[in-house]
Amino acid sequence: MKASQLILGTQRENPADAEIISHQLMIRAGLVRQVSSGIYNWLPLGKKILQKVENIIRKEMDVAGGQEILMPMVQPASLWEDSGRIDQYGQELLVFLDRHENKFCLGPTHEEIITDLCKNLLTSYKQLPVTLYQIQTKFRDEIRPRFGVMRSREFLMKDAYSFDLDKDGLDRSYAIMKETYIKIFDNLGLDYRVVKADSGAIGGSDSEEFHVLADSGEDLLAFSDKSEYAINAELLTELQEGQDAYSLDGKPSPDGKGLLRLKKGIEVGHIFKLGKKYSQTLNLRIQGENSDIHPEMGCYGIGASRIVAAAIEQNHDEKGIIWPKALAPFEVAIVEVNPKKKEEISIQCSDIYNLLKENDIEVLWDDREKRPGVKFHDMEVIGTPITVIIGERTLETGEIEIKKRLDEKPQLVSHQDLISAIKTN
RNA sequence: CGGGGCAUAGCGCAGCCUGGUAGCGCACCUGCUUUGGGAGCAGGUGGUCGCAGGUUCAAAUCCUGCUGCCCCGACCA
């Protein structure tokens, strides 16, 4: 893509009302713009990144046998009355009337809808086990939205629901999803932890959370430095009333192995064993071998839009974002330096641009009529992993300058080594 | 919901105290000169000063009410 044709929307100054770094950088890099409290527009660059997150999730969900569907954002409130959650969820559930004065709500999650759907869809135990998922907008009317898309009211989420004949089946489906989540977060290239968690308003028995480690996280995690022990600090039974969880840092781990470490995390994924909670209250029955059964359900969420913010919290410097390779909106930026000096500069840019595209490398050619410094700064705030610099200096030598986002200085490579130099990065 | 703060051009801000023709920097447009790390000069575009009411000859400025947004807390998948 040529930068002259892209609505970039980069800004030089931090917005006054953005407090945390990911929020500031998302606005400065032209990823999002605020519409209202907790409600955002996603600009071309931001949407591109969001799409990368979605595709990484989608790929592993499909590998795990998940089947993608799309459920509505607007849901009949009556389903929430049936499940009993209309009161439990409280004001976070945005309820409104349609023109016939029927009560509807904006879906904050989809257990009710999926269970209702499966009452018609699943008729025999032979269809089990099955996992259905969607990537879709959720709306939760948060008391206090904050930190940009980190805690917004409207956000993009992947939610999956598994249906099994019995508890053993649920255990298997849950284990598959946990493995899938580990692959997804590995592929995203983020530093994360899986911890035991509280199942909260969703309900059910076992649940685990996936947290991206970052100092700005809203959750405190406790884990052993020697074992698999890891738990959301709010569940620590070792804590006395009023005791600060941090005081346990360095103390022996509750499982007797190693020492406890405490770190802040951003919750980006949560998996639950729901059991029969919804299949019973909403009366989802499936024909079993002998008689009807209420299937065992699990549900599995990933905050797609929150991952974008969390990735930035974890990967940035004073210049801007440093994207993990998997999330970068463009893998390579070409900075065209002073093309008016020699027409060969633009020609070489064009050649390299086409070469990269032929090699399936996503490239942004900064062909804007801007001074070099502006382009360098923009590419750094956007956080492209590699910048190719084409200018008068290197025209004659035949070598090409490439600069990695984290390197101080560029390196020179020959024309024929360019692709391998980029791909081995 | 409790406490605090803010609201003036796309962004960052000044002006308000002491009422008198709406400003600055960045961005944007035109031209010239520049050009390897956020250029210079000249010209230009863009505003119901959050909304409503009041005081006044006159309100961005003073008064009242409202709304929106941000931060801390409570709460939260």
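Naming: A, B, ... by sequence-line order, numbering from 1 per chain.
Residues satisfying the side chain to side chain donor-acceptor pair (under 3.5 Å) test with A:S224, not counting sequence neighbours, are A:S227. In this structure, the side chain to side chain donor-acceptor pair (under 3.5 Å) partners of A:D186, at least two apart in sequence or on a different chain, are A:Y192. Remark: A:F210 engages A:Y181, A:F185 in a ring pair (Phe, Tyr, Trp, His ring centres under 6.0 Å) (not counting sequence neighbours). Residues that satisfy the side chain to side chain donor-acceptor pair (under 3.5 Å) test with A:T394, not counting sequence neighbours, are absent from this structure. Not counting sequence neighbours, A:F155 has no partner by the ring pair (Phe, Tyr, Trp, His ring centres under 6.0 Å) test.
Remark: B:C1 base-pairs with B:G73; criterion is Watson-Crick or G-U wobble with both hydrogen-bond distances under 3.5 Å. Base pairing of B:C28 is made with B:G44, judged by Watson-Crick or G-U wobble geometry with both donor-acceptor distances under 3.5 Å. The partner of B:G53, taking Watson-Crick or G-U wobble pairs whose two distances both stay under 3.5 Å, is B:C63.
Nucleic acid contact for A:E218: none, since no nucleic acid atom lies under 4.0 Å from a heavy atom of the residue. Within 4.0 Å (heavy atoms only), A:I27 reaches no atom of the nucleic acid at all.
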Which letters describe nucleotides 66-74 of chain B, given B = protein heavy atom under 4.0 Å from base, S = only from sugar-phosphate, - = neither?
---SSBBBB
Donor-acceptor contacts under 3.5 Å from residues 316-332 of chain A side chains, at least two apart:
from	atom 1	to	atom 2	distance (Å)
A:H316	ND1	A:I312	O	2.9
A:H316	ND1	A:E313	O	3.2
A:D317	OD1	A:K319	N	2.8
A:D317	OD1	A:G320	N	3.1
A:D317	OD1	A:R405	NH2	2.8
A:D317	OD2	A:R405	NH1	3.1
A:W323	NE1	A:I382	O	2.9

Table please: side-chain donor-acceptor pairs of residues 368-378 of chain A below 3.5 Å, with sequence neighbours left out.
from	atom 1	to	atom 2	distance (Å)
A:R368	NE	A:D366	OD1	2.8
A:R368	NH1	A:D378	OD2	3.1
A:R368	NH2	A:D366	OD2	2.9
A:R368	NH2	A:D378	OD2	3.0
A:K375	NZ	A:E336	O	2.8
A:K375	NZ	A:D366	O	3.0
A:K375	NZ	A:R368	O	2.9
A:D378	OD1	A:T10	OG1	3.2
A:D378	OD2	A:T10	OG1	3.3

Quick one: side chains of residues 57-66 of chain A, donor-acceptor pairs under 3.5 Å with protein atoms, not counting sequence neighbours, listed by atom name and distance.
from	atom 1	to	atom 2	distance (Å)
A:R58	NE	A:E68	OE1	2.8
A:R58	NE	A:E68	OE2	3.4
A:R58	NH1	A:N55	OD1	3.0
A:R58	NH2	A:E68	OE2	3.2
A:E60	OE2	A:N187	ND2	3.1
A:D62	OD1	A:Y133	OH	2.7

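With distances taken from any side-chain atom of A:Q11 to the nucleotides B:G37, B:G38, B:G10, the minimum falls on B:G10. For A:R371, taking side-chain heavy atoms from C-beta onward, the closest of the listed nucleotides B:U34, B:G36, B:G38 is B:U34.
A donor-acceptor pair shorter than 3.5 Å can be found between the side chains of A:H110 and A:Q75.
Ion pair A:D215/A:K264 not flagged as a salt bridge, since none of the NZ, NE, NH1 or NH2 atoms sits closer than 4.0 Å to an Asp/Glu carboxylate oxygen.
Side-chain atoms of A:N14 and base atoms of B:G12 include no donor and acceptor less than 3.5 Å apart.
Among pairs with a residue in residues 14-39 of chain A, none fulfils salt bridge (Lys or Arg N to Asp or Glu O under 4.0 Å), at least two apart in sequence or across chains.
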Polar atom pairs (N or O), protein with nucleotides 42-51 of chain B, under 3.5 Å:
none

Listed pairs, N/O of protein and of nucleotides 27-30 of chain B, under 3.5 Å:
from	atom 1	to	atom 2	distance (Å)
B:A27	OP1	A:R12	NH2	3.3
B:C28	OP1	A:K370	NZ	2.3

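Look at the P atom in both B:U18 and B:A74: the space between them is 40 Å, to the nearest Å.
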